[in-house]
J.: 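First the structure, which I've put down as structure tokens, then a few questions once you've had a look.
Predicted, not measured: the structure shown is a model, and the values here were computed from it.
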Amino acid sequence: MNKINYQKELDFLIESLINNKKTPTLLLHSCCAPCSSYVLEYLSKYFKISILFYNPNIYPMEEYSRRVAEQKGLISSLKVKNEIRFIEGRYDTENFYNISKGLEEEKEGGSRCFKCYELRLKEAAIIANEEEYDYFTTTLSISPHKNAQKLNEIGENLSQEYNVKYLYSDFKKKEGYKRSIELSNEYNLYRQDYCGCVFSKNERMNSINK
């Protein structure tokens, strides 16, 4: 089975929007300011974006608060064509630990992460449906450590369940990850050294201490 080129899917859509002179609304789930930097620079030319910061996986609370502040700071200073709105989701950590039960020992990038993708994308789909956004998507695919194929499959399934279009993407393409690093340096963003959850933090610490 051939993998879908999600960047090409996005390119086709953007070309259509330009030709039809449309600027649809997009609810963009963001995992952190650095990952969102390139995505916002790229997509804000074609969409009216609301950032949804819904990340109940982040540990500890101090780390969560720091990432929220960084996201807000980036939005206020990033030079974009269309104004960006910020929405802070619920910090309902119990939901994350519930979906992680039995998967605590999974390596990063495994089935626990897939459930975490789904948890956050589902919240985005629900809000996008309730507030009648044209599209929803996530910044997560910009990371070389995130499975874009799985993210888009989850997004497509949620799109059908909640009747709102999912914006296919693989933001690491077209040197998106490289550009996110450049923008992080330009805006002096805090770049964390672990994904966010206590399990990824412990995995990171164990690798350092070996």
J.: How far apart are the closest heavy atoms of Lys172 and Ser143, and which atoms are they?
T.: CE-O, 3.0 Å

J.: State whether the number of non-hydrogen atoms from other residues, nucleotides or ligands found under 6.0 Å of Glu175 atom CD is greater than 12.
T.: no

J.: Working note: Ser200 + Glu108, criterion side-chain hydrogen bond (donor to acceptor under 3.5 Å, both in side chains); need CA distance, chi angles, decisive distance, verdict.
T.: CA-CA 6 Å; Ser200 64; Glu108 187 173 351; 4.9 Å; no

J.: If I compare all heavy atoms of Thr139 with all of Cys31, which pair ends up nearest, and what's the gap?
T.: OG1-N, 3.3 Å

J.: Can you confirm if the aromatic rings of Tyr166 and Tyr135 lie within a centre distance of less than 6.0 Å?
T.: no

J.: Could you check whether the rings of Phe86 and Phe53 sit parallel, tilted or perpendicular, using 30° and 60° as the cut-offs?
T.: tilted

J.: What's the verdict on side chain to side chain contact (heavy atoms under 4.5 Å, CB included) for Lys173 and Tyr6, showing C-alpha distance, side-chain angles and the deciding distance?
T.: CA-CA 9 Å; Lys173 297 289 181 68; Tyr6 292 106; over 6 Å; no

J.: Using the rule given for side chain to side chain contact (heavy atoms under 4.5 Å, CB included), can you reason through Tyr91 versus Met61, listing the C-alpha separation, both sets of side-chain angles and the distance that settles it, and then say yes or no?
T.: CA-CA 9 Å; Tyr91 187 51; Met61 178 66 182; 3.1 Å; yes

J.: Heavy atoms, side chains only, cut-off 4.5 Å: are His29 and Leu140 in contact?
T.: yes

J.: Which heavy atom of Cys116 sits nearest a heavy atom of Ile99, and at what distance?
T.: N-CD1, 3.8 Å

J.: Hey, are Lys115 and Glu118 close enough for a salt bridge, meaning a charged N less than 4.0 Å from a carboxylate O?
T.: no

J.: Can you check whether Leu121's main-chain N or O pairs, donor with acceptor, with Glu123's side chain at less than 3.5 Å?
T.: no

J.: More than 12 heavy atoms of other residues, nucleotides or ligands under 6.0 Å from CZ of Phe12: is that the case?
T.: no

J.: Which heavy atom of Ser37 sits nearest a heavy atom of Leu78, and at what distance?
T.: O-CD2, 4.1 Å

J.: Under a 4.0 Å threshold between the charged nitrogen and the carboxylate oxygen, would Asp134 count as salt-bridged to Lys22?
T.: no

J.: Test of understanding: with ring pair (Phe, Tyr, Trp, His ring centres under 6.0 Å), list the residues that count as partners of Tyr133, not counting sequence neighbours.
T.: none

J.: Between Glu63 and Arg67 (salt bridge meaning N to carboxylate O under 4.0 Å), is one present in this structure?
T.: yes

J.: I want to check something: taking the side chain as every heavy atom from C-beta on, are Thr138 and Arg120 in contact at a cut-off of under 4.5 Å?
T.: no

J.: Specify whether Phe96 and Phe199 have parallel, tilted or perpendicular ring planes, treating 30° as the upper limit for parallel and 60° as the lower limit for perpendicular.
T.: tilted

J.: For a side-chain hydrogen bond (donor to acceptor under 3.5 Å, both in side chains) check, start with the C-alpha distance between Gln7 and Asp11, then their side-chain angles and the critical distance, and finish with the verdict.
T.: CA-CA 6 Å; Gln7 180 58 51; Asp11 289 340; 2.9 Å; yes

J.: Is the shortest side-chain N to carboxylate O distance from Glu161 to Lys122 below 4.0 Å?
T.: no

J.: Are there over 12 heavy-atom neighbours, none belonging to Tyr42, within less than 6.0 Å of that residue's OH?
T.: yes

